[in-house]
Amino acid sequence: MNNELRELYQEVIIEHSRSPRHFHAMADCDCRAEGYNPLCGDRITVFIKKSGDHVKEISFQGSGCAISQASASLMTEAVIGQSMSTVGDLFSRFHSAMMTPLEQSISQYELGKLQVLAGVREFPMRIKCATLAWHALKNALSDEPHEVDSEDD
Ligand code: ZN
């Protein structure tokens, strides 16, 4: 990644962490799940309202490092209005991209705006910060609500 791109990506991450999108609780949500990343202390709660097979509304609340909050904010933008199968596909692609060694390209995952998190792979300790919100999302959408322990990375 060249320096110009790296700086641009960092700016987007900082901007999202300072002004997270869809950052609020949702009292009348259909499902929710909490995520905690003990490595960094990040906490995220994801709230979802469904409409048929689609994510009608999504919001989150939480605290933690800039990467965890920016990733959650970017996630809400990526999945709102999407079908469950698209959301599942996005989760798989994002997760696979984050697990790809830095020296390998992740362009095949077609991450769109989520691409700004590509640089997180330079810091393996921070990968769980980036994937935390997605694990919470996946758990919220699964049938049985439960805490995310983020141990499956
Ligand atoms: Zn973190």
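We count ligands from 1, going down the list as the structure has it; atoms in each ligand are counted the same way. Computed from a predicted structure; not experimentally measured.
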>> If we only look closer than 2.8 Å, how many protein N, O or S atoms does the Zn ion (ligand 1) have near it?
In response: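 For the Zn ion (ligand 1), protein nitrogen, oxygen or sulfur atoms under 2.8 Å: 5.
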>> Could you see if V116 belongs to whatever hydrophobic cluster contains I14? Use Ile, Leu, Val, Met, Phe, Trp, Tyr and a side-chain cutoff under 4.5 Å.
In response: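 No: no chain of side-chain contacts under 4.5 Å links V116 to I14.
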> With distance as the sole criterion, is a donor-acceptor pair present between the side chains of T86 and S83 under 3.5 Å?
Replying inline: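 Judged by distance alone, the side chains do pair up.
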> Strictly by modelled atom types, are S73 and H16 linked by a side-chain donor-acceptor pair under 3.5 Å?
Replying inline: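 Distance-only check passes for S73 and H16.
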> Is any side-chain N of the basic residue among E4 and R6 closer than 4.0 Å to the acidic one's carboxylate O?
Replying inline: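 Answer for the salt bridge query: no.
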> Which of these passes side-chain contact (heavy atoms from CB on, under 4.5 Å) with N37: R126, R43, K128?
Replying inline: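 Single pass found, and it is K128.
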> Can you name the ring pair (Phe, Tyr, Trp, His ring centres under 6.0 Å) partners of F123, sequence neighbours left out?
Replying inline: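 In terms of ring pair (Phe, Tyr, Trp, His ring centres under 6.0 Å), with neighbours along the sequence ignored, F123 is linked to no residue.
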